Structure formats: C-alpha cells, structure tokens
Amino acid sequence: MPPESDPLSDLNPAQRQAVLIPSGPLLIVAGPGSGKTRVLTHRIIHLIRQGVPPQRILAVTFTNKAAREMRTRVERALGVDAAGLTLGTFHAVAARFLRVHGAAIGLDPQFVIFDDEDQLALMKRAVQDLGLDPRRFSPRALLSAVSSAKSELLTAEALAGRARQYWDEVVARAYERYQELLGENHALDFDDLLMQMVALLRQAEAVRQRLQERFLHVLIDEFQDTNPAQYVMARLLAEGHGNLTVVGDPDQSIYSWRAADIRNLLNFEHDYPDATVVFLEQNYRSTQAILQLAQRVISSNRQRKPIALWTENSSGLPATLIEAYDEVEEAEAVARELLALREQGFSLRDCAVMYRTNAQSRPVEEAMVRWGIPYQLVGGTRFYQRREVKDAIAYLRVLANPWDSAGLERVLNVPPRGLGQRTAAELRRYARQQGLTPLQVAMMAEEQEGLSVAGRARNALVAFGRLMAELAVEVEAHSPHDLLDLVLMRVGYRDYLQDHFPDADDRWENLSELHTVASGYASLPPREALTSFLEEVALMSDVDELRDEGEGVTLITLHAAKGLEYPVVFIVGLEEGLLPHSRTLDDPSQIEEERRLAYVGITRAKQRLYLLRALRRSYAGAPTGLGPSRFLRDIPRERLVLGGRGRPAPQAQTAKASLSAPQLVGATGRSPSAPTLYAAGEHVQHRVFGEGVVVSCTAKDNDAEVVVAFVGLGVKRLLASLAGLERR
DNA sequence: AAAAATACGCTTTTT
DNA sequence: GCGTATTTTT
C-alpha cells in the first residue's frame, strides 16, 4: 500500500467522500478489501490536518492489534502528533475512562479485570452462597446468561423484574450475588467494562459532559459486530455534536453469539436520519476469481442487502478444492501445497490456514511438525492463560489490588505451602467480618485472635503473610518487570516448577517472555506501570499476539481472521456439521452467520485460495463421515480445480466399503512418520490380501511398518519393504 | 493437604 | 481420546 503522505490523491471517489465529510453521522458500508481501514485512518489524519487536536478524537477498533496499526499509520503520516489520540478496543477505552472517572460511580481506580477463569470461580462461589446445586445450575451457563444480560445493559434487578421462568429467577439471583462478589474484589469482568462505562456516562453528569465536550469526533470500526452496550456507549459519547463515523459490513457480522447486533448497523440511518451513507464497493485485495467465488457463497443468504463488489485486479487462478480422506490427510495436503507454494516463490508468512474450531488446528500442527514447516498458532491455549503465567500475574494482581481475593486464592498455595480451601474460606470469612482485605488478614495473621486457622496452617499463613508484606513494600519502588523477578525469586517459583512439572524449562521460558512484555512499561511510574501492564494482559486478544514479522504459516480460526489478509488462504473442514457447525443446523439465521463466516475466510485471500474437506474426521474420539459443506455447493464447478495429489481423492463410497468401522478407530492413534511412504487413508493393493486402506505408517529401523485395513480381512501389520504394496 | 485414581464432558466461535 | 474436575487414598 502506498504511503499515507498525501491523504487524498490515492483514494477512489467513494473513499475520498468518506474521508472528507466534515461532520455529522456517517455510515460507511465497506465490502471486504475495500480499504476501510485506510479510509478510517485517512479520515483521522484529515481531521487532524483540518485542525482537530488528536486528543479530541476517539477511534475504536476491534482488536488491539488493529489499534496499534492504525496509530502507527497516523503517526507515520503526521509525525509524533498522534500521541494524544484515544485509540483502542471498546474494552480498553472503557477501562481507561473508568480508571480516571470511575470513582464518580464508586469504582476503585485500582480495580482489576477478571478473566473468565476468575469469573467462573466467582460464579461457583455465588452458586454455593445461594445454596444452589451446581449440577442443576451450571456456573458456566449462569455466567453466560449473566454475560448476555450485561451486554444488553440489564441489571440483576431488571432481569429479576422480567423473569418468567424459574431459570430466569435463578439467573437473576446468581447475577446479583456474583455482582456483589465482584464488588468485594474491587473487580470488573469484561462485560462490566462496557456496562459500567455506560452507567458512568448516564449517571455522572459531569463526567458525561466532560467526555462529550472533549471528543469532537468518534469513529467506530467493525460496527456490524458491536453489541447493545457498545452501541449505547458510542452514542452517548457522540451525543451533542453527533459526529459519529461507523464503518462496517453486514456480510461480515460473525459475533451474534457474543450479543453483537447487526441491527446497530442496519438501523443506523433510522437512528440518525441525517446520516450520510457511503458505499465502498471496489475491492483492492483479491483476484476476480476469489471475489466472484466469495460472492457466489454469500449471495445465498436471504437476509441481506446485496452490495455490488467489483475489482480491477487480475482474474487470477481458480480456487483449488482438495478432498482428503480424513483430517490427517487433509493436513498433509496443506503441508504439501505449502512446500509447492514456497517453490513458486511464496513465503510461508504469506500463507494462512483457517478453520472453524480450535480443535482443528491440531492435525494441521502435527503435519507442520512432520514436514518441518514453521508455523504461528493464533489462539488455542493462549499464552496468557498458561498456568505459570497466570500464577505470576495473580501475584502481581494481588499486590496491585489487595481486595482481589480470586487472585489471592490462586496463589495462596502455589507453590504448595499447606494452605488449602479451608484456610481460604476462613480468610474470606474473617476479612469480611473485620472489614479488611483478605491480604491484610494474611499479613496480620499472627495477631488475629478470631481467625480460626491453627497449627501448621497458621504458621504457613503467617509466613505467607510476611512474604506478601515484604513484596508489597516493593510495589512503589520497582517497574513491573523487576517486581515480577522479585516475586518469582522470593516465592521460589522456579524450584516449584522444577519439582512439579516435567516441562519446567518451557514454563520458565514463558515467564521470561512475560518479563519481556512487562519491561515495556519500564518508563512509567511503578504503580501506574503495574496497573497498565495488568490491564494490557487482561484485555489481550488472540490476534494481538500475532507477530507480523513472525516466520511461518499462520494457523487461525475464521473468527480471529476477520480483518486480516493473506496472499494464500487454506480453509479446512468444509463439511456439513463443521462449517456450518452442527450446533447451528436447526436455526436458519445461525446458518446464515456460518455462511458469513465462510465468506470472511474466503475474502481474506489475495491470490490463492484452497478449500479442503475430509470424507471422515474423528470428532470427540469417534470417526464420523461428514458430507461436503452446503457452501461448497454454491460454487459452480468451473470455479474450482481439483487438487490433492494430482488425481481425485478417494470417493466416499469406496472408502466406506473398504472399512469395517471398529478397526478404523485406531487410525487416530498414528504416530509421526516419514511423510513419503504411505499416508493414512491411502488406498493400496496387496498381492494376497487384496484391496485395503492404510491406517497408519510408522518408521521402524530402516523400514516402515504399515498398518492396513483390508476389505473383509480386517487389520494387518506389514513391513513396507516386504509387503509389496501398490497404490491404487 | 498432597498425590493418585477415577469420572466426566467436551468441541463453536472470544473481548 | 484427551484434558480437567472430582473423588479417593495416603
């Protein structure tokens, strides 16, 4: 993309219009690859050049990564001027405002943000406190009910008022108790960040006025995926002047399960009758072949406003369809293609493999390892939810906010010091009774008469309290990374890892990575640095961890891939039951969302697109046969070429005939092997045994042991050199 | 209270 | 089939 030096010359008329509209509500409907980020960035640059001070502009993006990129672009165009720009995700922006102004609605400026593990722990406690049976009322389900209520700005009280069934009543009560517990912890959960922000704007008039006067322009990206709370927050902030710019694409709305409401976008003109509407329809990203294929897929959606996408890009190659036998062969096919693409001059970092569910990354990862292809996995077991990382953060959290009992209870017995559930509960009880923080009680355990912790546990608690007291002294004097070191050292965390985990070195390595992140805050005053660091860590999203300069192919869910683009895209698992996912099959509107998800994936591709499906896939242990995705049926034959190993993959029928079901279950237990010999699922012919399907192939000395399922004969183990197998 | 054994449930997507 | 949660054992 050309540099942003001249904001106008390299924009098309629609883009230019979107950049130049001076004020008022503005809706930009932007198809994939139509340069919406550019328009947003240029608009900000233009506003600043027109004399709007950066600190009077608020821009909201979907991920922190997008925010970072946008800031970089603005700064590159303007110099350091952009420092005052308020730019981040809804959650990050809300957190920042709440730290500064939240006291007006009774918030502690040192509040911590609870992640879902903390939330679950708290909800479990709420369930317990209410004397509910956790099997009948699963804390998880309650939590998700509470979360959607909060997304719609419903308080526990409001929820109780509209309860029609027993379940709703229980949810309302659990919500109320859960909220009390959050309060005791001086903690907010993700949804609270938005809801409390709205409460702040609604209730604290002075704050509302101040923020409304401060921000002359409010710009929101990915508007199709905002939930009611976010929408209200945006509206309130832009109230008065009404200089609200929103950018979105209804066809890319994929977060309805997270309470995102596409109507925020569709009804924008209704809510703002004087809104200007601009359509960005020229695509700069993809080849014609890819764009046309994408349109074929999305046009089957009934509930949509068609948009006339077009491109001047070259026609490009047709997409490749690969039908593999199972998920292992599917992954192998990806690996083979990646190597071929590298031969053709593509870099691995130009390539991404996308899938519906995180579980699908595994066979792909395994294939990458077998073939020696470097990769970057986005999401999955995320860095910040690894146990050792969470432990370390929990220590810091407690030091930052002594009210954080969830954090305290996480570290109370890590490393093991003989302080279990009973001690934790007593600590909590006594703290509440005395009006102290649980941490204070621990620190003063020695002189607390009424604390019924005796014997060994008492001594351990006193020792723990001393340790924490010593660390607490250091908070004001050290930047987060030094504090982290200090904590790990005093606590003896490394020894703990060595004694308890076979992979202690890897885990320690993760902590040094955390140290690196923490050292990014060294320039701020210690207290502020600690808070910001913990906030960043809490609000980090999956894609935020994606490194552009990283080596290797990217493995990513379709959801997380929104907003990204790659020269080469593989979409795996195009099967009924996976994409669209089985949980959506009974609801037409959910199927439409699945289709949009497929559309998002397809439109990430610039030059090459590979669509893959497997005939069989092991799903929760058992192998299942899945038909081709209905989305494939929308694509005319001539838009696809069949790929794989230069000939069609085995047909479903043959595969079925050659396998007696129980034996194949073992196929999932295959071990890594030389990729060259036989792939699982390959059809072979034996002189004596006849036709069969390879179950696995393992290296053995200088030979390979091939396990083959023969028609009517069952499974045989053969040595590759002696068996004389022929491929069919 | 810690370690070991067993049971269970899980697979949609995430700030 | 696997990883986590809960129960049982020491």
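Residue numbers start from 1 in every chain, and the chains themselves are labelled A, B, ... in the order their sequence lines are given, proteins ahead of strands. Note that the structure is predicted; figures quoted are calculated from it, not measured.
Every residue meeting the ring pair (Phe, Tyr, Trp, His ring centres under 6.0 Å) condition with A:Phe533, not counting sequence neighbours, appears here in chain and number order: A:Tyr521. Annotation: ring pair (Phe, Tyr, Trp, His ring centres under 6.0 Å) contacts of A:His186 (sequence neighbours excluded): A:Trp403. Remark: A:Ala174 engages A:Met123, A:Leu130, A:Leu142 in a side chain to side chain contact (heavy atoms under 4.5 Å, CB included) (not counting sequence neighbours). Applying the side chain to side chain contact (heavy atoms under 4.5 Å, CB included) rule to A:Asp129 yields the partners A:Arg177, A:Leu181; only residues at least two apart in sequence or on another chain are considered. Every residue was checked against the ring pair (Phe, Tyr, Trp, His ring centres under 6.0 Å) condition with A:His91, not counting sequence neighbours, and none meets it. Remark: A:Arg507 engages A:Arg387, A:Glu388, A:Leu497, A:Phe501, A:Asp503 in a side chain to side chain contact (heavy atoms under 4.5 Å, CB included) (not counting sequence neighbours).
Taking side-chain N and O atoms only, A:Asn358 has no distance below 4.0 Å to OP1 or OP2 of B:dT12.
Residue pairs that meet the salt bridge (Lys or Arg N to Asp or Glu O under 4.0 Å) test with at least one member in residues 575-589 of chain A, sequence neighbours left out, are A:Glu575-A:Arg617, A:Glu576-A:Arg630. Screening residues 413-426 of chain A for salt bridge (Lys or Arg N to Asp or Glu O under 4.0 Å) gives A:Glu426-A:Arg429 as the qualifying pairs, with residues at least two apart or on separate chains. Residue pairs meeting the salt bridge (Lys or Arg N to Asp or Glu O under 4.0 Å) criterion with at least one partner in residues 248-259 of chain A, sequence neighbours excluded, are A:Asp251-A:Arg304.
For A:Asn264 and A:Thr226, the side-chain atoms include at least one donor-acceptor pair closer than 3.5 Å.
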Writing each nucleotide of DNA chain B 5' to 3' as (, ), [, ], | or . by Watson-Crick or G-U pairing under 3.5 Å yields ||||||||||.....
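Backbone-only contact: A:Asn413 has heavy atoms under 4.0 Å from sugar-phosphate atoms and none from a base.
A donor-acceptor distance shorter than 3.5 angstrom exists from the side chain of A:Arg99 to the backbone of A:Phe111, with no hydrogens or angles considered.
Mapping A:Arg417 and A:Leu597 onto DNA chain B via the closest heavy atom, the residue that lands nearer the 5' end is A:Arg417. Nearest-nucleotide assignment on DNA chain B puts the 5′-proximal partner with A:Ala457, out of A:Arg258 and A:Ala457.
Within residues 578-588 of chain A, the residues approaching DNA chain B are A:His581, A:Arg583, by heavy-atom distance under 4.0 Å.
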Between the protein and nucleotides 5-10 of chain C, which nitrogen or oxygen pairs come in under 3.5 angstrom?
none

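Atom NE2 in A:His500 sits about 10 Å away from atom C1' in B:dA3, given to the nearest Å. Regarding A:Lys390, its NZ atom lies at a distance of 12 Å from the P atom of C:dT4, rounded to whole Å. For the pair A:Ile591 CD1 and B:dT12 C1', the interatomic distance rounds to 13 Å; values are reported in whole Å. When rounded to the nearest whole Å, the span between CG of A:Leu412 and C1' of B:dA2 equals 15 Å.
Taking atom C1' on both nucleotides, B:dT12 is separated from C:dA5 by 22 Å, rounded to a whole Å.
Residue ring and base: A:Tyr255 does not count as stacked with B:dT13 (centre distance below 5.5 Å and interplanar angle below 30° not both satisfied).
For A:His559, counting side-chain heavy atoms from C-beta on, the closest listed nucleotide (B:dT13, B:dA3, B:dA1) is B:dT13.
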